Amino acid sequence: MSGSAGVVSASADVAVGAAIAGEATAYVHLNDLGHAYTPGDFLFRHLNATLVAGRIHALIGPSGSGKSTLLAILAGWLEPTEGAVERHHADAMNWVPQLPLGVAGRNVLDHVALPMLVAGVPREVANGEARRILGQFGLEDVEDHPYGSLSGGEAQRLMLARAAATKCDLLLVDEPTASLDRNSARTVIAHIRGLANRGCVVVVATHDLELRDACDDVVDLADAQDRGIDEPAAGNSATGNSAQGEAAS
Ligand SMILES: Nc1ncnc2c1ncn2[C@@H]1O[C@H](COP(=O)(O)OP(=O)(O)OP(=O)(O)O)[C@@H](O)[C@H]1O
Ligand SMILES: [Mg+2]
């Protein structure tokens, strides 16, 4: 076990620099983050990382190390026990859960059109845009199929298509390839890359080595185990120097 956990890349400095220059580059800074569901029993601690737009950050660690917990903290659904999440131009959040959550009887088109309808977009415009997005995700042939009839890969792609239908500064994806065959997994990875390229900060919790290797950076929760309250965290990834978490690409 060593030093500060987390990861940063040179692009974190670029993002922070761009933000200081007034450009709306999204980034999320994890500042000495720690979480314990039971007082004193930390899942992870002293986690420092800067997650930047346009990059895919793999969140790895053994089962039970706190990956989904950290995603919930990043989403703002859970208060961390220690430290803080600082969001910069990263207000619009999308969450893609491990087990895709759709409405069984609702068709594919409506899953993508609904967020736009809720935002006040007229039905015809929303349907047109939803069809365009479904085409990008290879789902045009199943637009009128009920969600409940989709394969696992189709359901994952639909969840990502829905994320693409709304403004997305921060995309949190939990184990997207866990139940997919390799080909479906590769398609999903390519779509995640497409969403990152739109300027989204992407964090993907995964056990999948191929997905991890396709990511730009790695945050390894195994490096963020509790080292005891008196042991200081070494280094600070906000400065661009992190002891842990090398780029995986
Ligand atoms: N609301 C909760 N209250 C108490 N303990 C919880 C709660 N949610 C999760 N835990 C526990 O915290 C630990 C971390 O859970 P989490 O789901 O974040 O792990 P994970 O790294 O995502 O695991 P996996 O790889 O299996 O998905 C687990 O031991 C889990 O049982
Ligand atoms: Mg999990």
Side-chain angles (χ1 to χ4, degrees), residues 1-2 4-7 28-49 51 56-85 87 90 93-102 152-153 155-160 162-163 168 170-182 184-185 188-189 191-192 195-196 200-229 233 237 242 244-246 248:
M1 196 87 50
S2 60
S4 165
V7 66
V28 177
H29 183 59
L30 315 187
N31 188 5
D32 213 27
L33 212 59
H35 195 73
Y37 285 109
T38 308
D41 188 10
F42 281 87
L43 285 172
F44 53 84
R45 204 169 194 195
H46 302 308
L47 182 63
N48 292 283
L51 314 171
I56 306 177
H57 306 270
L59 177 56
I60 65 170
S63 181
S65 59
K67 298 181 296 299
S68 298
T69 299
L70 179 56
L71 290 184
I73 291 171
L74 290 174
W77 296 336
L78 184 64
E79 259 315 291
T81 307
E82 288 181 346
V85 174
R87 291 210 191 88
M93 188 275 295
N94 271 285
W95 169 280
V96 179
Q98 177 171 353
L99 296 173
L101 286 175
Q156 273 293 358
R157 276 184 280 141
L158 178 57
M159 294 299 104
L160 293 169
R162 191 167 62 176
C168 180
L170 174 61
L171 177 66
L172 306 172
V173 195
D174 203 351
E175 305 278 4
T177 57
S179 55
L180 304 183
D181 62 61
R182 276 320 336 151
S184 303
V188 163
I189 292 167
H191 287 305
I192 291 172
L195 287 163
C200 204
V201 178
V202 180
V203 185
V204 183
T206 188
H207 290 284
D208 178 344
L209 296 183
E210 186 170 338
L211 174 51
R212 184 201 65 189
D213 289 345
C215 293
D216 302 305
D217 301 301
V218 174
V219 175
D220 187 349
L221 288 184
D223 295 329
Q225 304 302 300
D226 187 9
R227 291 183 300 275
I229 196 127
S237 58
S242 174
Q244 303 297 321
E246 298 136 28

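Ligands are counted one by one from 1 in listed order, and the atoms in each one are counted from 1 as well. Hydrogens, waters and symmetry mates play no part in the numbers below; they use all other heavy atoms, side chains included. These numbers come from a predicted model, not from an experiment.
For ligand 1, the atoms sitting less than 4.0 Å from at least one non-hydrogen atom of Lys67 are 18 (O), 19 (O), 20 (P), 21 (O), 22 (O), 23 (O), 24 (P), 25 (O), numbered in the order shown with element in parentheses. Of all atoms in ligand 1, numbered sequentially from 1 with element shown, those under 4.0 Å from a heavy atom of Thr69 are 15 (O), 16 (P), 18 (O). Of all the atoms in ligand 1, the ones that sit under 4.0 Å from a non-hydrogen atom of Pro62 are 21 (O).
Partner Val85 forms a side-chain contact (heavy atoms from CB on, under 4.5 Å) with one of Val28, Asn31, Leu51 and no other, that one being Val28. With Leu59 as the partner, the side-chain contact (heavy atoms from CB on, under 4.5 Å) test is satisfied by one option alone out of Val173, Val203, Asp220, Thr206: Val203.
Using a cut-off of 2.8 Å, one finds that Ser68 contributes an N/O/S atom close to the Mg ion (ligand 2).
With values rounded to the nearest 0.5 angstrom, Arg45 atom CZ is found 12.0 Å from Leu43 atom CG. Summarising the geometry, atom CZ belonging to Phe44 is positioned 8.0 Å from atom OG1 belonging to Thr81; distances are rounded to the nearest 0.5 Å.
Proximity of a side-chain donor or acceptor of Asp41 to a complementary backbone N or O of Ala36 within less than 3.5 Å is not detected.
For the residues Gly66, Ala36, Ala178, Gly64, the heavy atom positioned nearest atom 23 (O) of ligand 1 is part of Gly64. Considering Ala205, Ser63, Ser68, Ser65 only, the shortest heavy-atom separation from atom 24 (P) of ligand 1 involves Ser63.
The shortest non-hydrogen separation linking Arg157 to Val188 is CG-CG2, 4.2 Å. Here the closest non-hydrogen pair linking Ala205 and Lys67 is CB-CB, 4.0 Å. Closest approach of Gly83 to Pro80, counting heavy atoms only: O-CG, 3.8 Å.
Within the structure, ligand 1 has His207 among the residues with a heavy atom less than 4.0 angstrom away. Ligand 1 has no atom lying under 4.0 Å from any heavy atom of Gly61.
Neither the backbone nor the side chain of Leu70 comes within 4.0 Å of ligand 1, counting heavy atoms alone.
Under the 4.0 Å distance rule, the nearest protein heavy atom to atom 30 (C) of ligand 1 falls outside the cut-off.
What sits closest to atom 3 (N) of ligand 1 on the protein, heavy atoms only, is Tyr37 CD2, 3.4 Å.
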